[in-house]
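Here's the structure, in structure tokens; my notes come after.
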Number of protein chains: 2
Amino acid sequence: MQISMKCSVAVHCLIFIYEARDKAKVTSTLLSKSTGCNPVIIRNILSSLKKAGIITVARGSGGAKLCKNPAEITLLQIYNALEPDGLKGIIGIHQCYGLKCPVAQNIHKVLLAPYCKIEDSIKNTMNSITLQSMINDFHELLKYAD
Amino acid sequence: MQISMKCSVAVHCLIFIYEARDKAKVTSTLLSKSTGCNPVIIRNILSSLKKAGIITVARGSGGAKLCKNPAEITLLQIYNALEPDGLKGIIGIHQCYGLKCPVAQNIHKVLLAPYCKIEDSIKNTMNSITLQSMINDFHELLKYAD
DNA sequence: ATGAGATGTAATAATTAATATTACAACAAA
DNA sequence: TTTGTTGTAATATTAATTATTACATCTCAT
């Protein structure tokens, strides 16, 4: 399976918000057109990012703004904002109330440590990726566009 | 979202197969009882593990056996055996044939490098975890069971 | 103050992905 | 040649994700 693409949409929105700063009011309708997602999905994502202190959203008049420097916003913060449980349990474990079988009784515990290691390595990598770096890459791409 | 739990079931099966070596014939029915999964699911998983050269499965008479030393079987091998595309694209990217919006046109490329980094870090960690180490942990748990 | 354009959120629907089931052909060995 | 098994296709079920509808609430310009 695949990690929800909400994360990708969120990054899209954040880059958009950054690029539009002082230029245009960034509404959920606008972002929904740019991302191809439903405006309610966008509003939910923005709402999560807002709760995490990454952006502010103006009620009524509308418009989203970053409330941190892009260099201080990491992919991990974004991901955690969207997923209430973070990366915990990102690899599913089957439920086996496995009767007498000792493997069934212990498999959950056996997998715990390996899966935590994996979660931690994802965390570390996500933490090393900033919105700033992605914005930089975006600008590089713009330069060489035809 | 969460990575398919096929991986967990596969590890369960492999530990079971290892523990049962020279003791019992490990059939898909037996594994399905221990894991709580449908026997066809088990057969599909075993089939994938077989194609990857991790186990042998006796046609007709039945029974699965490891065909490598557990120390030489890594979690990455197991995962790759199960998922045809490996970890590629584990984090989904939304499709936005984004008209004129430059963010929409470039978001895919912007996310490519960060997501590859994440995939690589998962790969490295999975590669450092062997079936042997999980079997060892399993034995430790058995020691201290009531 | 009020109308236009937003957000926030609940409820529901539609879609997609994961898992389970049924069915049966092919196989191996007693 | 019967019994128990694997391999696999086809289908059904279930669960998760994404989309939609609906509407209360808010802000500001007029």
Side-chain angles (χ1 to χ4, degrees), chain A residues 1-10 12-13 17 20 24-52 54-65 67 79 81-85 89-96, chain B residues 1-10 12-13 17 20 24-52 54-65 67 79 81-85 89-96:
Chain A
M1 209 273 110
Q2 118 178 337
I3 296 174
S4 154
M5 67 192 191
K6 268 199 290 186
C7 186
S8 303
V9 176
H12 184 143
C13 291
I17 292 166
K25 186 172 70 167
V26 182
T27 66
S28 58
T29 310
L30 191 53
L31 286 171
S32 96
K33 277 176 191 151
S34 174
T35 59
C37 287
N38 188 281
V40 177
I41 299 290
I42 298 294
R43 293 209 279 271
N44 287 333
I45 289 174
L46 294 186
S47 171
S48 299
L49 294 171
K50 186 180 158 188
K51 275 176 198 145
I54 296 171
I55 61 172
T56 56
V57 182
R59 186 99 205 247
S61 56
K65 284 186 170 50
C67 55
Y79 186 86
L82 302 170
E83 305 295 339
D85 305 329
I90 197 166
I91 308 182
I93 305 183
H94 56 297
Q95 296 290 358
C96 47
Chain B
M1 200 286 100
Q2 117 179 339
I3 297 174
S4 155
M5 66 193 193
K6 266 200 290 185
C7 185
S8 304
V9 176
H12 184 143
C13 291
I17 291 166
K25 186 172 70 167
V26 182
T27 67
S28 59
T29 310
L30 189 54
L31 286 170
S32 97
K33 278 176 188 150
S34 174
T35 59
C37 287
N38 189 281
V40 177
I41 300 290
I42 299 293
R43 292 209 279 271
N44 286 334
I45 290 174
L46 294 187
S47 170
S48 298
L49 294 171
K50 185 180 158 188
K51 274 175 198 145
I54 296 171
I55 61 172
T56 56
V57 181
R59 185 102 206 244
S61 56
K65 285 185 170 50
C67 55
Y79 186 87
L82 302 170
E83 306 294 338
D85 305 328
I90 196 166
I91 307 181
I93 304 182
H94 55 297
Q95 296 290 358
C96 46

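Per chain, numbering begins at 1; letters A, B, ... match sequence-line order.
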**Study point:** A/Pro39 or B/Lys51, whichever maps to the more 5' nucleotide of DNA chain D
**Key:** B/Lys51
Review point. Whole Å only: how far is the CG atom of B/Asn44 from the C1' atom of C/dA20?
Key: 11 Å
Practice item. Start with the C-alpha gap between A/His12 and A/Ser34, add the side-chain angles, then the distance that decides, and say whether side chain to side chain donor-acceptor pair (under 3.5 Å) holds. Key: CA-CA 9 Å; A/His12 184 143; A/Ser34 174; 2.7 Å; yes
Review point. If an axis is fit to five pairs at each end of the helix from C/dA1-D/dT30 to C/dA30-D/dT1, what is the angle between the two, to the nearest 10°?
Key: 10°
Review point. When the distance from CD1 of B/Ile41 to C1' of C/dT22 is rounded to whole Å, what number comes out?
Key: 13 Å
Point to revise | B/Leu30 side, atom CG; B/Lys25 side, atom NZ - distance, nearest 0.5 Å | key: 10.0 Å
Check your understanding: Can you tell me if the side-chain N/O atoms of A/Ser47 get under 4.0 Å from OP1 or OP2 in C/dT9?
Key -> yes
Check your understanding: Rounding to a whole Å, what distance do you find between A/Ile55:CD1 and C/dT7:P?
Key -> 10 Å
Check your understanding: Given B/Val57, which of B/Leu46, B/Leu49, B/Val26 fulfils the side-chain contact (heavy atoms from CB on, under 4.5 Å) condition?
Key -> B/Leu46
**Study point:** Gap between atom NZ of B/Lys50 and atom CZ of B/Arg43 - 0.5 Å precision
**Key:** 12.0 Å
Check your understanding: Which part of the nucleic acid does B/Gly62 contact within heavy-atom distance under 4.0 Å: base, sugar-phosphate only, or nothing?
Key -> sugar-phosphate
Revision key, fill the gap. From NZ of B/Lys25 across to P of D/dT3 the rounded distance in Å is 15 Å
Practice item. Work out which heavy atom in A/Cys37 is nearest to a heavy atom in A/Ser32; give both atom names and the distance. Key: O-CB, 3.0 Å
Check your understanding: Given atom CG of B/Asn38 and atom C1' of D/dG7, what is their separation to the nearest angstrom?
Key -> 14 Å
Point to revise | Heavy-atom donor-acceptor pair, B/Arg59 side-chain to D/dT5 base, under 3.5 Å | key: no
Check your understanding: Between atom CD1 in A/Ile90 and atom P in D/dT17, what is the gap in whole Å?
Key -> 11 Å
Revision key, fill the gap. B/Ala81 and B/Ala52 have their tightest heavy-atom pair at CB-CB, 3.5 Å
Practice item. When you get a sec, tell me which of D/dT8, C/dA20, C/dT7 is the closest nucleotide to the side chain of A/Thr27? Key: C/dT7
**Study point:** A/Lys50 side chain near C/dG8 phosphate (N/O to OP1/OP2, under 4.0 Å)
**Key:** yes
Exercise for review: Look at B/Ser28 and D/dT6 and indicate whether a side-chain polar atom (N or O) is within less than 4.0 Å of OP1 or OP2.
Suggested key: yes
Exercise for review: Please state how far atom CG in A/Leu30 lies from atom C1' in C/dG5, giving the value in whole angstrom units.
Suggested key: 14 Å
Revision key, fill the gap. Per atom distances to the B/Val40 side chain, the nearest of D/dT6, C/dA10, C/dA23 is C/dA23
Check your understanding: Would you say A/Ile42 and A/Val9 make side-chain contact, with heavy atoms under 4.5 Å?
Key -> yes
Revision key, fill the gap. Separation of C/dA20 atom C1' from A/Gln95 atom CD, nearest Å, is 17 Å
